[in-house]
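Working notes, structure below.
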Protein chains: 2
Amino acid sequence: MTNADIKYTNQRIEILNFLKDNYNHPTVDEVYDGVKNKLSRITKATVYRNLKFLSEKGMIQEVNVKGVSRFEPNIKPHHHIMCNRCKKILDFESKELSEYALKIVKNLKGFSVNNSNTNFYGVCNNCA
Amino acid sequence: MTNADIKYTNQRIEILNFLKDNYNHPTVDEVYDGVKNKLSRITKATVYRNLKFLSEKGMIQEVNVKGVSRFEPNIKPHHHIMCNRCKKILDFESKELSEYALKIVKNLKGFSVNNSNTNFYGVCNNCA
DNA sequence: GTACGTGCAAATGATTTGCGTTAAG
DNA sequence: CTTAACGCAAATCATTTGCACGTAC
């Protein structure tokens, strides 16, 4: 999670801090609201720039759900389970699923695939 | 593909026509450009309204790729393979993959999942 | 004839960018 | 000291909406 090449500005640190241990997949606005308490002068542009920057550095992960960007500290490859009612997103790790999926497309002509992820849709117990 | 409850306006017909047999997953703008030849006075608002309408009716399918909506005539459940270079998207049908994925999450606590789809990433032969 | 769809222009919402200033290393 | 990041405001891009008019059925 540390990297020598990057400048650890207060803004960046607070954003990383907010995301750390936050598995709710917050949107840009939610991250902005979350760090505003600590850094009252921060702007949304800075949040956008840093979230993009940190995603590109592989320090966080961006998930796009129906046109909205969300961010999470879990950088391991994994799948997502989404509730159709409350829109909550759960991480789901399954190496065997990833491997099975890759095996299935391996002998496909015209494409060399190197990774995959699966999205699940359903209803969480809270909403059911 | 036909439905008695809907009004078949020229705009709607041309949009369906453009999408029919078009497996390139066009964006809203591409659909707009595609039908403008036939209906010079059509506006993007109409294209947006109809693509949404037809998706809700289940007559076409919307796919969201990195924040941009794309549309396709293939309404059967299926997976997608995307080229990281040229961004081309290929449909990939695999009932066994869907079934395997569902089986894996079936005994997950806190969520009742009813469908899934897998996205694959790689490089197509054209780009490789 | 009536309800629904359309074209147009304006509104909204998300994200990006130019620029002068500030701070990390 | 130098370069990258910040804050601010304005720009851009995708998508939606209100409204008067038109058209499918």
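The chains referred to below are lettered A, B, ... by the order of the sequence lines, with proteins before strands, and numbering in each begins at 1. The analysis underlying the following values was restricted to heavy atoms, covering all of them including side chains, and did not include hydrogens, waters or symmetry mates.
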Is there a donor-acceptor contact under 3.5 Å linking the side chains of B:Glu72 and B:His25? yes
Any donor-acceptor pair under 3.5 Å linking the side-chain atoms of A:Asn119 with those of A:His79? no
For nucleotides 19-25 of chain C, give me one character per nucleotide, 5' to 3': B if any protein heavy atom sits under 4.0 Å from the base, S if the only such contacts are to the sugar-phosphate, - if neither. -----BS
Write down the distance between [atom1] ([X]) and [atom2] ([N]), rounded to a whole number of angstrom.
| X | N | atom1 | atom2 | result |
| --- | --- | --- | --- | --- |
| B:Asn64 | C:dA14 | CG | P | 14 Å |
| B:Asp5 | D:dA24 | CG | P | 18 Å |
| A:Tyr32 | D:dC8 | OH | C1' | 11 Å |
| B:Glu14 | D:dA24 | CD | P | 13 Å |
| A:Lys52 | D:dA5 | NZ | C1' | 15 Å |
| A:Lys38 | D:dC6 | NZ | P | 17 Å |
| B:Arg41 | C:dT6 | CZ | P | 13 Å |
| B:Glu62 | D:dT15 | CD | C1' | 11 Å |

Just to be sure I understand the rule, does A:Asn50 reach a base, reach only the sugar-phosphate, or reach nothing, if contact means heavy atoms closer than 4.0 Å? sugar-phosphate
Touch class at under 4.0 angstrom, heavy-atom based, for B:Lys44 against every strand present: nothing
Nearest-nucleotide 5' precedence on DNA chain C, B:Ala45 against B:Gln11: B:Gln11
Position toward the 5' end of DNA chain D (nearest nucleotide), B:Asp29 or A:Arg12: A:Arg12
Give, for atom CG of A:Leu102 and atom CG of B:Leu97, the distance between the pair rounded to the nearest 0.5 Å. 10.0 Å
Whether [X] side chain and [Y] backbone form a donor-acceptor pair below 3.5 Å:
| X | Y | value |
| --- | --- | --- |
| B:Asn74 | B:Lys76 | yes |
| B:Glu56 | B:Phe53 | no |
| B:Glu93 | B:His78 | no |

It should be established whether B:Tyr48 places a side-chain nitrogen or oxygen under 4.0 Å from OP1 or OP2 of nucleotide D:dT16. no
With a 6.0 Å cut-off (strictly less than), is the heavy-atom count around NZ of A:Lys87, excluding the residue itself, greater than 12? yes
